[in-house]
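Report on one structure; see the data block that follows.
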There are 4 protein chains.
Amino acid sequence: MSPQQTVEDQSARPASSRVQRKRGRRIQEILTAAAELFGERGYDAVSLEDVAERLDVTKGSLYYYFSGKEELVTAAIETLGNEWTALLEELLDGSTGTAAQRLRALIREHVTIAVRDYPAALRLFLVPRQWPDAQRERIKELRQRHDALFRGLVEEGVASGEFTVTTVDTALQCMHAAMTQAPMWCGEAKPRDRDRAIDEVADTLMMLVGIPPR
Amino acid sequence: MSPQQTVEDQSARPASSRVQRKRGRRIQEILTAAAELFGERGYDAVSLEDVAERLDVTKGSLYYYFSGKEELVTAAIETLGNEWTALLEELLDGSTGTAAQRLRALIREHVTIAVRDYPAALRLFLVPRQWPDAQRERIKELRQRHDALFRGLVEEGVASGEFTVTTVDTALQCMHAAMTQAPMWCGEAKPRDRDRAIDEVADTLMMLVGIPPR
Amino acid sequence: MSPQQTVEDQSARPASSRVQRKRGRRIQEILTAAAELFGERGYDAVSLEDVAERLDVTKGSLYYYFSGKEELVTAAIETLGNEWTALLEELLDGSTGTAAQRLRALIREHVTIAVRDYPAALRLFLVPRQWPDAQRERIKELRQRHDALFRGLVEEGVASGEFTVTTVDTALQCMHAAMTQAPMWCGEAKPRDRDRAIDEVADTLMMLVGIPPR
Amino acid sequence: MSPQQTVEDQSARPASSRVQRKRGRRIQEILTAAAELFGERGYDAVSLEDVAERLDVTKGSLYYYFSGKEELVTAAIETLGNEWTALLEELLDGSTGTAAQRLRALIREHVTIAVRDYPAALRLFLVPRQWPDAQRERIKELRQRHDALFRGLVEEGVASGEFTVTTVDTALQCMHAAMTQAPMWCGEAKPRDRDRAIDEVADTLMMLVGIPPR
DNA sequence: CATGAATGAGGTTTCATTCAT
DNA sequence: AATGAATGAAACCTCATTCAT
């Protein structure tokens, strides 16, 4: 049995779970490094050598865990998406107040993550030639889970009369597009300016659901 | 001594203007092809061989007109941006009504062009992070000219009290981001659905300047 | 200090013979698997990973029994050759009749084994040109033992005037070459056709020693 | 239009036939070098680097003419087969005498070529994983053309009563197998011995069609 | 005994770039 | 103006081998 098995198959063999856990941890290390790099520079601009170097191993080692660049990047996207979504879910769990207050906080958090951790995340969804089927499914699911967070809040606000939208779908798409590209114009050096920029983005995007600034 | 001269230099020598015109035409052909390809697949995923093949010439020929891949792609972006901006300026010249009416028309037109002519233009703005200085300048200027169209209208509306914004800059950025990515979710087959989708985008984005739907 | 010891050494230590037997059995399993794979695809096209996978162990384990790929393949050839020769010797022990009758039976058996058990055994003799000295010796000996069976019969027939040959050596070489490649053109699906094909090969090869068909 | 076009397409564009001829010549140079190397060592054991080095160019250049290793080797086999067959046809054209005399000369020539030029030609027909369809056809045709030479003579001899065979097909297969493997046991250093060995092979193989030695 | 992990050398392939013609 | 040819660096990938556990 070849050792490559994507992250989810892990539970196949119950044997030697300590080893399995270690393997899992290593895979996560790799995926985190890969997610950062791909998130920063995009698919084509990152070589496996780059990934290996950041992990201080050789290229060959990556092939022990992944069957190739595409599998690696797919898994990395998944990781990135999961971490990102988890952070947002966490925030949402602890947040109270009106739908507007919570949505604004969510937007702020999302942009902050984008700017801080994954300035080129957008590119990861613009990967070359369409993905092989298996991988495309996984990415689509990921995106839906992420979207659901925003959609839930928006629908709540609309239901309560707090928000006004033309279409929930379109408002979400626009919001998402702007948030994703935000790192490109908020990527300033000084944290102070950056924070203000993020605030402005949040205020501006709230207008998409009919909440005026101030 | 190579005859390379970037697109601007073209008008420098009045001599032998028939030759010059022909050269200009050839350059335009190349740039159009390049813009399409780069727009479809992104910078890294398009090889000069691809561009040459679409033009039915050899790679070598491209070097007669451009000093390298980067210059080619920069010029392509410039061309595409110029055409695009020209279409928008034309529309604006003939348009009357309130700032809101004109802005809405401008947004509609922009998205329509994007969806119809340059479905993947977005990628052209996701080009390698570090441009050589010379090229970065040109792209920045282009963007500013394009932006000025929207900015003018928005400022006019703000001045007249018609619009409400947190920051003109941020509103424009968000608007731009959403418009650029719109082709990705409006790229439906049937023209009827597509038109309605574009309308929704326009309505939604008008909210960024405080204009409610309907 | 690694415990590697080539197959011959096995019987050296009488100590702990149960362990030794187990070791021997394991080695045989490995060699059988290896012989099949190398026979099917050739030396270069089979990786140790492939061999390990078929045995459901890891690559590393193979190094416990063999010092490397070359030793493994040499031993595999040896095993295969031994089994093959043993089968032929067995046949010869029980066979009677004229030299021609016995030679014909031997040829038939040889080709039958090749077709049935080792359809691509030929490739095992097309292994990298330069064997290390130690291994070359072993392979040569093997071949001689195998050859001796045929040689003995041929010489007997020549001595008795039953056979006519130009050179015993050359006749044997040609016979061997044809027998080895026979699986490639006798590898038909239906057993009936296959049996007739083998008969034809045997008849034809008998002509090499001057025995006419029928 | 990518420059790769296999040898037969050459006549597609009538344009600039001097250039075309030069291209053809270069391709032949490459194929000759490749055929020698692959013929000597087999598919897997020859790297493109090896081929490139013998031609004193870089690996990359090979990709200008061939789309990959497989295409190169297929074309090389074709070349090798064509040259080989051409030599045999030439010989046959100028040869007179009985079918036996001519067949014997043909065998001698074939083995001489094998020993002298392509000691590992056999391996080329045992290439890894079956060939892609396109290439398999070409190789099969080649083989048939080659076989036809021998078949014609054998059938002629059988018709005239000069030869006796069990089956023409089987006799040809055996003959071919032996001839192809002959370099393995005739590859001696001294030309004198080698010539005698070839003579013996020829005499021995003539027995396959019922011609006794001497 | 056996495994999982890692390595490093070497293979195939791609491609921007240069240049003689 | 354009082409065919060649290059070289760098990419992806494979695999025999080693080793701590």
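So you know, we letter chains A, B, ... as the sequences are listed, proteins then strands, and number each from 1.
- At least one cation-pi condition fails for B:Lys69 and B:Phe38: the charged atom is not both under 6.0 angstrom from the six-membered ring centre and inside a 45 degree cone around its axis.
- Between the CD atom of A:Glu70 and the P atom of F:dC13 there is a distance of 8 Å, rounded to whole Å.
- Side-chain contact between D:Arg54 and D:Val46: absent, with no pair of heavy atoms (C-beta onward) separated by less than 4.5 Å.
- Across all strands shown, C:Val51 has no heavy atoms under 4.0 Å from either base or sugar-phosphate atoms.
- Rounded to a whole Å, the OH atom of A:Tyr43 is 13 Å from the P atom of F:dA11.
- When the P atom of E:dG4 is taken as reference, atom CD1 of A:Ile27 falls 13 Å away, rounded to whole Å.
- For the pair A:Ile77/A:Tyr43, no side-chain contact is recorded, criterion being any heavy-atom separation below 4.5 Å from C-beta on.
- In a base pair of the Watson-Crick type (N1 to N3 plus N6-O4 or O6-N4) or a G-U wobble (N1-O2 and O6-N3), with each distance short of 3.5 Å, E:dA20 is matched with F:dT3.
- Atom CD of C:Glu49 and atom P of E:dA6 are 16 Å apart (whole Å).
- Nucleotide E:dG8 is matched to F:dC15 when pairs are restricted to Watson-Crick or G-U wobble geometry with both distances under 3.5 angstrom.
- Among the nucleotides F:dA1, E:dA16, E:dT7, the one closest to the side chain of B:Lys59 is E:dA16.
- Counting heavy atoms from C-beta outward, D:Arg25 and D:Gln28 have side chains that stay 4.5 Å or more apart.
- Ranking F:dA5, F:dC12, F:dA2 by closeness to the D:Tyr65 side chain, first place goes to F:dA5.
- Of all heavy-atom pairs spanning C:Glu71 and C:Tyr65, the tightest one is OE1-O, 4.4 Å.
- Here D:Arg23 reaches the OP1 or OP2 of F:dA5: one of its side-chain N or O atoms lies under 4.0 Å away.
- Checking the phosphate oxygens (OP1, OP2) of F:dA6, a side-chain nitrogen or oxygen of D:Arg26 falls inside 4.0 Å.
- The CZ-P distance, from D:Arg21 to F:dA5, rounds to 14 Å in whole Å.
- Across the interface with DNA chain F, nearest-nucleotide mapping of A:Ser47 and C:Asp50 shows A:Ser47 to be the residue nearer the 5′ end.
- In this structure, D:Glu53 atom CD and E:dT12 atom P are separated by 13 Å, rounded to whole Å.
- DNA chain E is contacted by both A:Asp56 and C:Thr58; C:Thr58 maps to the nucleotide lying nearer its 5′ end (nearest heavy atom per residue).
- Atom P of nucleotide E:dA5 and atom CG of A:Leu62 are separated by 13 Å, given to the nearest angstrom.
- In this structure, B:Gly60 and D:Val46 both approach DNA chain E, and ranking their closest nucleotides by distance from the 5' end singles out D:Val46.
- Looking at B:Thr79 and B:Ile27, their side chains never come closer than 4.5 Å, going by heavy atoms from C-beta outward.
- Contact check, C:Tyr63 against F:dC19: no side-chain N or O comes under 4.0 Å of OP1 or OP2.
- Distance, B:Asp44 CG to F:dC12 P: 11 Å, rounded to whole Å.
- In this structure, B:Ser61 does not reach the F:dA1 phosphate: none of its side-chain N or O atoms is under 4.0 Å from OP1 or OP2.
- OP1 or OP2 of E:dT3 has not a single side-chain nitrogen or oxygen of C:Tyr64 nearer than 4.0 Å.
- Toward the 5′ end of DNA chain F lies the nearest nucleotide of D:Lys22, the other residue of the pair D:Lys22 and A:Leu48 mapping further downstream.
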